[in-house]
Amino acid sequence: MKIQVLGSGCPTCKKLFEITKQAAKELNIPEEVEYITDIQQILDMGLMSSPVLAVNGKPALVGFIPKVEEIKKAIQKNIS
Amino acid sequence: MNLFYPIQLFANWIAFGIFKLAPKSLAGESVSFFIYDVAKIFILLAVIIFIVSIIRSYLPPEKIRHILARKNRFVGNILASLLGIITPFCSCSAIPLFLGFVQAGVPLGTTFSFLVASPMINEVALVLLLGLFGWKIALLYIFSGLIISVLSGIVIAKLKVESLVEPFVYQSLANGSVELPKMTKKERLTYAKDYTLDILKKVWRYILVGIGIGAWIHGYIPTDFLVKYAGSGKWYGVPLAVLIGIPLYSNAAGVIPLVSALTEKGVSMGTTLAFMMSITALSLPEFMILKKVMKTKLILIFAGIVGSGIILTGYIFNLLLG
């Protein structure tokens, strides 16, 4: 289980990181949420929008900040 | 019939009915003018941003890149400019967009067309133009904005400036085919609603202050007051407006209502349009950020071409519209 937030380091991305940490905590996911500000990694995933929420290396949410509930749903959808 | 007539009635009712200001008095007219403009702008903002967000959820930058990578130069420039309209732009998204385009093989000229159009023709500026200046000026702004971004891209392509892009940009090749997470209809609507609220939250203060000062100018400063300083006969009006516009980027929402009031007082339309284009298209923070991926010389070329385009547009409209 690997949850990553990728962004350019702008305030929007940091906010997604904070909300995702909260979502992971509420889902009782023990692993730390990773925060990556290397833009090239976003590009290597084939994406150009930031921020990105990736679960196990796959983009789950791209380009906007959703509510905690939506992040939880996105994480659960991508685990199975 | 004027679509906004009910709002005018509402504004009059508040100004003359609730606040008991005398109609035709300066204070009464200013308050009614303020309420009318504020209500109209916020309704327009909510509706238009919502619609644009829905369209955008179908056309994320990743899809746009896919479209642009296969187009030849001229068609690519036009498409890039058109697609730039619906893409929101903040200085933090400039780098990933630039890298993503160039690494996927989108020509540099096409990429620049996109980089000019995306901030210049944005929905907040458009709504303010539409609400405060009317649809003719708004259309004029869109068309001249499109022409400037298409031509800037073509000129940059002709200059063969690839060597002025930082070499690391070309070292990785972006993976062009990615499976984006699918969005349901409901998710698109939620996204559009959240995005609209987000933008409104960001700009409402500036708009209130801008329209507030505008209403004051409207009521208290004599018409034609500015003609002798900024009328169409003054050659320096346009370049000066463009220079002043460069550092004002983040406050486009507050500046446009102000400019609309100044136009009433004698600033010519070409100068006004050039000023607004400079506010949106030439932004200091964006230039600073672009330094990460290109040499300063290329940024100067880019700013110079777009700036000249805007100045030329300003002069043309001053000639045509007087």
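Order of the sequence lines fixes the chain letters, A, B, ..., with proteins taken first and strands second; residue numbering starts at 1 for each chain.
A:Lys73 NZ: 12 or fewer foreign heavy atoms inside a 6.0 Å radius. For CZ of B:Phe74, the number of neighbouring non-hydrogen atoms (other residues, nucleotides, ligands) closer than 6.0 Å is 12 at most. The number of heavy-atom neighbours closer than 6.0 Å to CD of A:Glu32, taken from other residues, nucleotides and ligands shown, is 12 or below.
Proximity to chain A (any heavy atom under 4.5 Å) is shown, for B:Phe98, by neither the backbone nor the side chain. B:Pro61 touches chain A through backbone and side chain together, each having a heavy atom under 4.5 Å away. Neither the backbone nor the side chain of A:Lys58 comes within less than 4.5 Å of any heavy atom of chain B.
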Begin with the C-alpha distance, continue with both residues' side-chain angles, and end with the deciding distance and a verdict on side chain to side chain contact (heavy atoms under 4.5 Å, CB included) for B:Thr190 and A:Glu70.
CA-CA 10 Å; B:Thr190 318; A:Glu70 286 165 67; 4.0 Å; yes

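With contacts defined as side-chain heavy-atom distances shorter than 4.5 Å, the pair B:Gln171/A:Gln40 does not qualify. Using a 4.5 Å cut-off on side-chain heavy atoms (C-beta onward), B:Glu62 and A:Val62 make contact. With contacts defined as side-chain heavy-atom distances shorter than 4.5 Å, the pair A:Met48/B:Ile64 does not qualify.
In plain terms, the two heavy atoms of B:Arg65 and A:Leu47 that are nearest each other are NH2-N, 4.3 Å.
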